[in-house]
Amino acid sequence: MRFKRNVLAAFATAFASTATSVYGYQATQDVTVAGTRLQQNGCTHPIYCDGPILKAVQLGGVFDDDKTFVDMPTRKPVDEIVAEFSQLPANATKKELTQFVNDNFYPAGCDIVVAELEDWTDNPPFLDGVTDPVLRGYGMSIHNQWKTMARKRNTSFLCDGCETSLLQANNVFFTTGDESSREYHYWNTYYIEIGLLKSGLYTTAKGVLQNLLDMVKAYDFVPTGGRIYYTDRSEPPLLALMVKTYYEATQDLDFVKEALPLLKIEHGFWEMYRSVNITYTTGGSSSDGGLRKRQSGSGNPASAKVATYGPDLFSTASNDDTQLRPESYSSDYDASKTQTSAPNLFSSLSGSDLYAASEAGTSPGVQYADAKTATQGPDLFGRRSLSRRDIEIPTTNPFASFTETELIVLGSTQINSTIAVNLNSIIYQAELIIADFIELVENNTSPECVSYRARAAERRQTLLDLTYDAETGLFSDYHLESGSNTEIWSMSSLWPYWAFGDSLPSDGVQKALENIDFLHSKFPGGLPNTLYNSSLPWDYPYIQPPMQHMAVRSAQNAENHACKNSNSTYSAPCGGTAAKIAQSTVNSAFCNWYTTGGSINNVLNSYEHAASNSSGVSFGSFTIGPDGNIVTTTSRSSQGNYAWTNGINIWILDSYKAQLQMPSCPNIKLNLVEHTPPPPPPPPHPTPTPTPTPTPPSPPPPQTYTTVAPPPPTSYYTTSPLPPLTSYYSSRRSCVRKRVCRRCHRVVKRKWVSRDNGANCVNPNKKRAII
């Protein structure tokens, strides 16, 4: 029977109890699981999900990457392939298996092709207000990458009866970015959507959401990804948040009306197949803001329904103990058979532990590891070592001696029995969004709307009772089997501040902000999801963009609350912590984009050590060094352009605009284009003034001749008076003396003479000359 036939009954059960109290401290450890989630049918496709063909090919080593085989469309009808496989020997060799695959399957990924974006724009609106030319150029570069990542389904080449693992997708979708990604993924799509909307690609964003809504129509939930082997698990259910984000950007009420029934169905799926009923005790309410006091032993009983990751699958797998994921079959097989040197160090994998790890999104990693699974284990990061102003950063690595496979086991065995803070915060958001949409569509507050709000209030209260620490203002996951909070604090537990941080106690908000600000001071290149170096992708030193986005949104909400409180003692400026995380997120992506060949015409030249065949890569994750700063690389490795990185950075550019500064890359000088300053503009042309008419010169006076008296008989010559001394000659204490003929009045010689000397005319024969 399909799940949706029981939706109304599920709602009646889900909303049977409502929460009546408000904030709470951590409740007692005496938590009892009063019920289990319903079992879910697993995928049963004879090739892509389970069966002898999958097991033989994946364990036979035909491909280095297990995902390759399950992404290959068939060349023949499925029943013919099954019959042909039955003719192979029981212990077929790698060569025989390789020949079998080549004869019966097309290459992986040939069922998708590059798609054109019908609503493309060369002028994305998110750049309005971004003033720094480097950031504007970088933003335009990642905006243009949307065209290289868009895909659409193409199965026109398949024969009748031939099949592909690719699920139906009627609209454009975006792959995650790496070479093995040949389909869309659920929670990646949220970060893609926020970027598409800020880029002005509203039609494309709507189509992307419609693909997910179509999955709810077909499967009652959104699978992990767009392949058939993902149809027995999901990922953090962000669909309601996506629809809300789209509505806020477009005001498309018709789309909300179409989506609302499907959002209810997805919510009901998580209530039935991923939730458990629990009972616990509290100490009632105190006079301090209504906070419940922590209670041990006896106290006031409380009951709630909480969600956990991971399906409870009917066992159909070839391995009776553990369901193995088709896309990572061989590595899961190794993990399920892991034997460790330390006795009883790990509880053995069972059931759908690995499916829960996949569904959580933040795996592989040690976030959900529980000390109870080990008789001797690492001295894990204790939540009680968190103080208001001094977060204890680990100085040793307790995971250094473990192999990667052992760590995968350690991080997977407790996920499906953990009250995950981020998951329940996301479902809380979904419940309020559904209630708001019901009120919007029906234009009134109906009983159904009230029920969703009551369910959200109960969920929030449970998180406050079981996962909130008033001493630090932080949340941490709760292990149901061990009856205690996790010993490994993670960034994903900040999600409650995004979901309901504006209604948390003010003193706790301030403490949380100070702790987050301290973490950023230690890790300016980005905040790792956990603080332990396990070598796994979701632990230190790896930085995941979705965690940075969540930290920014959580800090924004908390800062708005702290800064509105007149009694707040929050030391950082309002918006300071969120803005710093946003800046470091852009810096990390930009610096690696630049060192892998990114350039901006007339603004930024390529990095001199970048590969010549690369033009800038948007990595899906980043690495920080021992000093906490981002580590850059010049190698694009196997990563393509990651859509969620671009979407998050476009969202940040739009949200912070002129607040963002030109990125700074550690130990790298940006090769900015040097521009010769233009010549100064010519001075304004003066207003011409009329030229006065020149006055004709006066005629010279008539020349008068005077008879010169004859010289005295003693001499015909005399010497002219000495001229006055000038600055040029004064240094020589001498002057130029003219020798003039007294008779003809002509200068006959110039001579440097003493001031007191004289001379006689030496040219007595000259009778007359006009000087």
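These numbers come from a predicted model, not from an experiment.
L158 and P73 get closest at one heavy-atom pair: CD2-CB, 3.9 Å. Heavy-atom minimum distance, D539 versus Y532: CB-O, 3.3 Å. Across S234 and V222, no two heavy atoms sit closer than the pair OG-O, 2.7 Å. Across all their heavy atoms, A551 and M491 have their closest contact at CB-CE, 3.6 Å. Closest of all the heavy-atom pairs between S476 and T486 is CB-CG2, 3.9 Å. In this structure, T308 and W270 approach most closely via the heavy-atom pair O-CZ3, 4.3 Å.
When only modelled atom types and interatomic distance are considered, S484 and S482 share a side-chain donor-acceptor pair under 3.5 Å. Using modelled atom types and a 3.5 Å distance limit, the side chains of T176 and N188 yield no donor-acceptor pair. Using modelled atom types and a 3.5 Å distance limit, the side chains of N171 and Q210 yield no donor-acceptor pair.
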(message) Would L239 and L263 count as a side-chain contact (heavy atoms from CB on, under 4.5 Å) here? Give the steps.
(response) CA-CA 7 Å; L239 183 58; L263 297 181; 3.7 Å; yes

(message) One pair to check against salt bridge (charged side-chain N to carboxylate O under 4.0 Å, His left out): R227 and E327. What are the steps and the verdict?
(response) CA-CA 10 Å; R227 295 278 173 179; E327 77 279 7; over 6 Å; no

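Between K95 and T98, every side-chain heavy-atom pair lies at or beyond the 4.5 Å cut-off. No side-chain heavy atom of Q87 sits under 4.5 Å from any side-chain heavy atom of F100. Counting heavy atoms from C-beta on, the side chains of Y355 and Q40 never come closer than 4.5 Å. The side-chain heavy atoms of P237 and Y186, taken from C-beta on, include a pair separated by under 4.5 Å. Under the 4.5 Å side-chain criterion, counting only non-hydrogen atoms from C-beta, E359 is not in contact with I415. Inter-residue side-chain proximity for D214 and Q168 is flagged as unmet; no heavy-atom pair is nearer than 4.5 Å. For the pair T362 and Y368, the minimum side-chain heavy-atom distance is below 4.5 Å. Annotation: side chain of L494 is in contact with side chain of M550 (closest heavy-atom distance under 4.5 Å).
Side chain of R151 to backbone of T175: no donor-acceptor contact under 3.5 angstrom is found. Under the 3.5 Å distance criterion, the side-chain polar atoms of E404 are left unmatched by any main-chain donor or acceptor of L536. Looking only at distances, no side-chain donor or acceptor of E163 sits under 3.5 Å from a matching main-chain atom of T74.
Surrounding NZ of K152 are at most 12 heavy atoms belonging to other residues, nucleotides or ligands under 6.0 Å away. Few gaps surround CG on D79; more than 12 heavy atoms of other groups in view lie less than 6.0 Å from it. Within a 6.0 Å sphere centred on CD of E84, other residues, nucleotides and ligands contribute more than 12 heavy atoms.
Using a 30° and 60° split on the angle between ring planes, Y48 and H45 fall in the tilted class, from 30° to 60°. A perpendicular orientation is assigned to the rings of Y191 and W187, their planes being inclined by more than 60° (bins at 30° and 60°).
Each of N104, D103, V101 was compared with I81 under the side chain to side chain contact (heavy atoms under 4.5 Å, CB included) criterion, and only N104 meets it.
The OG1 atom of T418 lies 7.5 Å from the CG atom of N416; values are rounded to the nearest 0.5 Å.
Between Y329 and F69, a ring centre-to-centre spacing not shorter than 6.0 Å is recorded.
Relative to the ring axis of Y106, R75 places its NZ or CZ within 45° and under 6.0 Å from the centre.
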